[in-house]
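Just follow the structure's listing: the first ligand is 1, and inside any ligand the first atom is 1. No experiment lies behind these values; they were computed from the predicted model shown.
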Amino acid sequence: MVQIEIDEDACVGCGSCVEDCPNDVYEMDEAKNKTKVVNLEDCMACLSCHEICPAQAMEHQDIHVAKRLYIDRKVNYALDRII
Ligand code: SF4
Ligand code: SF4
């Protein structure tokens, strides 16, 4: 299962990951002004949060299975439209 690690020293509390995650994996910790992972099981490893984070504050691990499924789905979709 995918793992997400937030570097709290790096996180600037912009909230972009909270707003952009399609599966509500993150929530802001208002007291700390940092993001926190609240629904890890819903992460589909799309890596949108990783792309948008201005501080490179998050790291994803063990994503190969979910990522592979995502790529396969895109490839199959493209092939269906070509063939
Ligand atoms: S990888 Fe995608 S689904 Fe997972 S936390 Fe980031 S934006 Fe959300
Ligand atoms: S996008 Fe990055 S800097 Fe902004 S709240 Fe999320 S982890 Fe922190």
Spacing of [atom1] belonging to [X] relative to [atom2] belonging to [Y], to within rounding of 0.5 Å:
X     : Y     : atom1 : atom2 : result
Tyr26 : Cys43 : OH    : SG    : 6.5 Å
Cys17 : Glu51 : SG    : CD    : 13.5 Å
Glu30 : Lys36 : CD    : NZ    : 9.0 Å
Met44 : Asn23 : CE    : CG    : 5.0 Å

[atom]: the protein heavy-atom neighbour that sits closest, reported with distance to 0.1 Å:
atom                    : answer
atom 3 (S) of ligand 1  : Met44 N, 3.5 Å
atom 4 (Fe) of ligand 1 : Cys43 SG, 2.4 Å
atom 6 (Fe) of ligand 1 : Cys49 SG, 2.3 Å
atom 1 (S) of ligand 1  : Leu47 N, 3.1 Å
atom 8 (Fe) of ligand 1 : Cys21 SG, 2.3 Å
atom 2 (Fe) of ligand 1 : Cys46 SG, 2.3 Å

Shell of protein N/O/S atoms around atom 4 (Fe) of ligand 2, taken as anything under 2.8 Å = Cys14 SG

Between Asn39 and Asp24, is there a donor-acceptor pair closer than 3.5 Å when you use the side chain of the first and the backbone of the second?
-> yes

Just wondering, are more than 12 heavy atoms of other shown residues or ligands nearer than 6.0 Å to [atom1] in [X]?
X     : atom1 : value
Gln3  : CD    : yes
His60 : NE2   : yes
Glu41 : CD    : yes

May I ask you to identify, for His60, whether its side chain, its backbone, both or neither come under 4.0 Å of ligand 1 on a heavy-atom basis?
->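 It is the side chain that touches ligand 1; the backbone stays farther off.
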
Pull out every atom of ligand 1 sitting under 4.0 Å from any heavy atom of Pro22, numbered as shown with elements.
-> 7 (S)

Numbered atoms and elements of ligand 1 in range of Tyr26, under 4.0 angstrom, heavy atoms = 5 (S)

Compare all side-chain heavy atoms of Pro54 with those of Cys14 and state whether any distance is below 4.5 angstrom.
->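 In short, these two side chains touch, coming nearer than 4.5 Å.
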
Using a heavy-atom cut-off of under 4.0 Å, does the side chain or the backbone of Lys34 touch ligand 2, or both, or neither?
-> neither

Of all the atoms in ligand 2, which lie at a distance below 4.0 Å from a heavy atom belonging to Met58?
->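 Heavy-atom distances to Met58 below 4.0 Å select 7 (S).
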
Under the salt bridge (Lys or Arg N to Asp or Glu O under 4.0 Å) rule, what pairs show up with a residue in residues 6-23, not counting sequence neighbours?
->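 Sorted pair list: Glu8-Lys32.
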
Quick one: closest heavy-atom pair of Ile6 and Cys11, and the distance?
-> CG2-CB, 4.5 Å

